[in-house]
Every structure is written in structure tokens, then in C-alpha cells.
*Asks:* 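Take a look at this one; I'll ask things after.
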Amino acid sequence: MDARAEAVRALPPIDECLRAAQANPALAGFSRIYLKLMVQRAQAELRAAILSGRDAIRRDRAAMIAAVARAVARAVAADEPRLRPVVNATGVVLHTNLGRAILAESAIEAVEMAARSAVNLEYDLETGARGDRDTIVEDEICALTGAEAATVVNNNAAAVVLALNSLAEGREVIVSRGEMIEIGGSFRLPDVMAKSGAIIREVGTTNRTHPGDYADAIGPETALLLKVHPSNYRVVGFTSEVALEELVEIGRARGIDVMEDLGSGAIVDLTEFGIPREPLVRERIAAGAAIVTFSGDKLLGGPQAGVIAGQRGPIERIKRNPLKRALRCDKLTLAALAATLRLYLRSGDLGEELPTIRLLGRRASEIGAIAPRAREIVAERLAGEYVVEIVDAASQVGSGAMPVEELKSVALRVSHPEKSANAIAAMFRRARIIGRVVDDSFHLDLRTVEDPAVFAVKLEAD
Ligand SMILES: *Cc1c(COP(=O)(O)O)cnc(C)c1O
């Protein structure tokens, strides 16, 4: 047998290694279950290292046990929670993989309050009777969107599933082929619709769908007309889509409601902050959509949630669906969402208080103003032949909002005569700074970095 495989087979059993680890005074006080987990990880690592030739083969059993115990001690010393803060220097303000919106201070305080204390989540303080958790945010959502009623669930994907299941289970939902989209991270509209129990009735073609396509498809089995915001892609050239207003007309003539999945959905006109325009939820409700769904952690700038706003009748049906119970939000989310919505309702400075809007609204000149200091800090930490330059950049909203528009920004371009952009990205990643590789060079986009001091870290090339 191959010597490496043989060495791996001879690795001592978990229990023996565990006893050795427990004998180390530095590990006293850690639970047996925890140490066992760390032993399993250390063993798996040692196994991989031996198999790949990175680690020497030990013939002696005691030496192997000692190697595992040492690895456990090292791992315990370095063990940190898996969820950790990172520096978002990608320039993508609503980065799904980095947790999307950063909460406003008032929302953070609300989460802390709700975490620390019992709250009247479903409790009517006046009557002492059981309350409805939707009331925590419903008035605010209605005031901001013009909807008659609203409810919230865990995310927008859940909102779409719940709305379709409540309003169209076993019946047909008519949707344009041009809107049968996939949003990164496994939200594929056809799959989501199928899971909701609704029957998809596609109409039109990828690039063009006409009013008659919808009208002709309506039949006794039709439950809804669905419109979907194409989010992360755009159909350009020879195209035509049916406007929401027109769709509402078509539906109204036949007694069929229109639902719109808006994805991001803006609460206020963002052009006021220098941000490209996205459809306002309020406009879609005013145009006659019976149901509009959108995310809490996209342009709204709040916690992960899915808001369902619309006419009273369909919203009531959605609230009564037993699935609602499975998809409802917890007190922390509702606390954060309520505090975020209140920011929009008060006369405070939204562009200052809400991080999403603040970051999106930063002008290139403002971002450029911190660039020299950021450059200095990064350059100081890079020994050798690295070059750090200030360059123009284009950042993005992210999360499918405004896929084509780019926001003018400023970045640090970090390069090295021998190292690849990916190697440089990996070095920054080890310091938990996440940048972006653009045209084969590594960029730290400063749109999403407000304080250059975040770059004051130890950078280690491998
Ligand atoms: C983002 C998006 C979703 C999914 O929303 P989540 O809040 O991520 O679940 C659904 N539909 C559209 C159009 C979107 O843009």
C-alpha cells in the first residue's frame, strides 16, 4: 500500500486524541463535545495534509496523537465565530453574499431592545388580548406605499411563494416569457411558482409581449396576472412589454387581479439623492396592482424581510394562509423593519441616517476625498513592489436593482509586477477585506468604505 494511505489508516482513534487534548491544561474548561469536534477537524486536516504530502508521515503512534492534540490547541486558540465582520470594498452596496443592507443606528437599537427584553410582539397592550405581529409595521407600510393592507414574511422569495399560493394554488398565473427570470442564489421564477402550487401560463416571447398575449390567455382557470421586475438583467433592442397600467386594465375587464414582484422597490424617489431611478412601490400600488412584493434588505435598507402590500381583500387571504405561520418574521426582524420604516416617515435626513441611501448617494468627489488617506494606509502595509494607485471606478447598487446603471466611484488599484490580481485579492481576503477584480487588476472600491482606517490591518502575502 502507498505509504501515505498507510499513515492515514494508522491515525489513532478520536477518543485517544481527545484524551490527549483534554490533558492539555490550556484546554481545561472546554466542553468534551466541543473538544471532540475540534479533534475531528484536526484529524481531517492532518489526514488531508499527509495525503497531499504537506505533512510528514509519523511512524510512531504517540507522535501522531501529540500532533493532533497540538493542532487542537492551535485551532481552539484561533477559533472565532464563523460569522465575522468584513470590509466591503467591492463597491456593491447591496451585496447579497455580504449580507445586503447595513442597518441604521435606530434599527440596531431596536434590535438590541427586542433581543434584551420581552416585547408586545403579539399582545395588545390596551385589551390584554392576543395581538397580530403585522400591526408592528402595517400602518407604516401602508402610509409609505398607499396600500390598504400589508403583511411581512422572511424574505421576498417567501413573499412571492406565499402570495401565489394564497391567491392561485391549483390555478393559472399568466406571466410574460421575458420575465421568467433567475436571480442569483437559486431564485428561479418558474421553480418558485411551481412550488407555490400555481400553474404557470407563459405568454409572449423573450423580447416582446403584447397586451393581446395576456388577453388571449385569460380563461376560466386564470387566477392572476403576474408582472416581475427583471432585476439583474435587461432586455434591450427590439423589445416591448406591457405596462402595469395596461395589464391592470386587461385584468379589470375580466375580473382578474394583477400581482407584481418588484424585487427591490424604492420607497422614495432616489434621484433626489443622485441615485438612478427605480420604480416606487407607491406608484405600482397607485397603478392598480392588487399585490406588490419587495425585499426589506434591498433599496429599503432594512433587515431581510419580504413585504407584501396591496388591496385589503387579497392581503386578508394571504394572512389567513397557514403557510404564513411558517414564513413569518421574528421579533428582531420586525423591530429593525419598524425602525427603518419610521426613518422614512419622519423629517430627518434619510440620506444621512440610512446607510444604504447614504452609500448609494456618495458622489465620486466625496469618495475621492478619502482616497489619498486610504492609499497611504494601504501602501504603508504593503512591503515590496506593490503599487497602489487611485483610479476611477464604477460601483453598483447590487441585489438586482438597476443592473445596467453604474455609479461613478473611486477605487484603489493594487498591483504587483509578479503577483496576479487573484493572489492579491486572496491576501486582502485573509485580512477580511473584500475587494473586486476588474479587468485583471485588484480594486478596493471606496464607495462602500466610509472610514479609511478599516484598512489599518496586517496584510500577509502567502
Ligand atoms: C431579489 C428579488 C427576489 C428575491 O428576494 P429575496 O428578498 O432575496 O428573497 C425576488 N424577485 C425579484 C424580482 C428580486 O429582485
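Note that ligands are numbered from 1 as they come in the structure, with each ligand's atoms numbered from 1 the same way.
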*Asks:* Which atoms of ligand 1 are found less than 4.0 Å from any heavy atom of S295?
*Replies:*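 So the answer, numbered in order with elements, is 5 (O), 6 (P), 7 (O).
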*Asks:* Using a strict 4.0 Å cut-off to heavy atoms of K298, name the atoms of ligand 1 that fall inside it.
*Replies:*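 Result: 1 (C), 2 (C), 3 (C), 5 (O), 14 (C), 15 (O).
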*Asks:* Taking distance alone, with no angle check, do A158 and ligand 1 share an N/O pair under 3.5 Å?
*Replies:*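 No, since none of the N or O atoms of A158 sits under 3.5 Å from an N or O of ligand 1.
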*Asks:* Should the pair R373-E376 be classified as a salt bridge under the 4.0 Å nitrogen-to-oxygen rule?
*Replies:*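 Yes, this pair counts.
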*Asks:* Should one rank V161, L189, N156, N154 by closest heavy-atom distance to atom 10 (C) of ligand 1, which comes out on top?
*Replies:*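 Considering heavy atoms of V161, L189, N156, N154, the nearest to atom 10 (C) of ligand 1 sits in N156.
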*Asks:* Do R447 side-chain atoms and L359 backbone N/O form a donor-acceptor pair below 3.5 Å?
*Replies:*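 Yes; judged by distance alone, with no hydrogens or angles, the pair exists.
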*Asks:* Heavy-atom contacts with R100 under 4.0 Å: which atoms of ligand 1 show up? List them by number with element.
*Replies:*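 Contacts of ligand 1 toward R100, numbered from 1: 6 (P), 7 (O), 8 (O).
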*Asks:* Ignoring hydrogens and angles, tell me if any N or O in the side chain of H443 forms a donor-acceptor pair with the backbone of D445 under 3.5 Å.
*Replies:*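 Side chain of H443 to backbone of D445, a donor-acceptor pair under 3.5 Å: no, none is there.
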*Asks:* Among all protein heavy atoms, pick the one closest to atom 12 (C) of ligand 1 and tell me residue, atom and distance.
*Replies:*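 Protein heavy atom at minimum distance: I183 CD1, 3.1 Å.
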*Asks:* Tell me whether ligand 1 is touched by K227 - counting only heavy atoms on the residue side and a distance under 4.0 Å.
*Replies:*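 K227: no contact with ligand 1 (<4.0 Å).
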*Asks:* What verdict does the side-chain contact (heavy atoms from CB on, under 4.5 Å) test give for R328 and R325, after you've listed the backbone C-alpha separation in whole Å, the side-chain angles of each residue and the deciding distance to 0.1 Å?
*Replies:* CA-CA 5 Å; R328 72 185 186 187; R325 171 66 176 77; 3.3 Å; yes
*Asks:* Are K227 and E241 within salt-bridge range, i.e. N to O under 4.0 Å?
*Replies:*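 The answer is yes: the pair qualifies as a salt bridge.
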*Asks:* In terms of atom number and element, which parts of ligand 1 are under 4.0 angstrom from non-hydrogen atoms of H229?
*Replies:*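 Those atoms are 13 (C).
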*Asks:* Compute the shortest N/O to N/O distance between S399 and ligand 1 and return yes if it is under 3.5 Å, no if not.
*Replies:*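 No, since none of the N or O atoms of S399 sits under 3.5 Å from an N or O of ligand 1.
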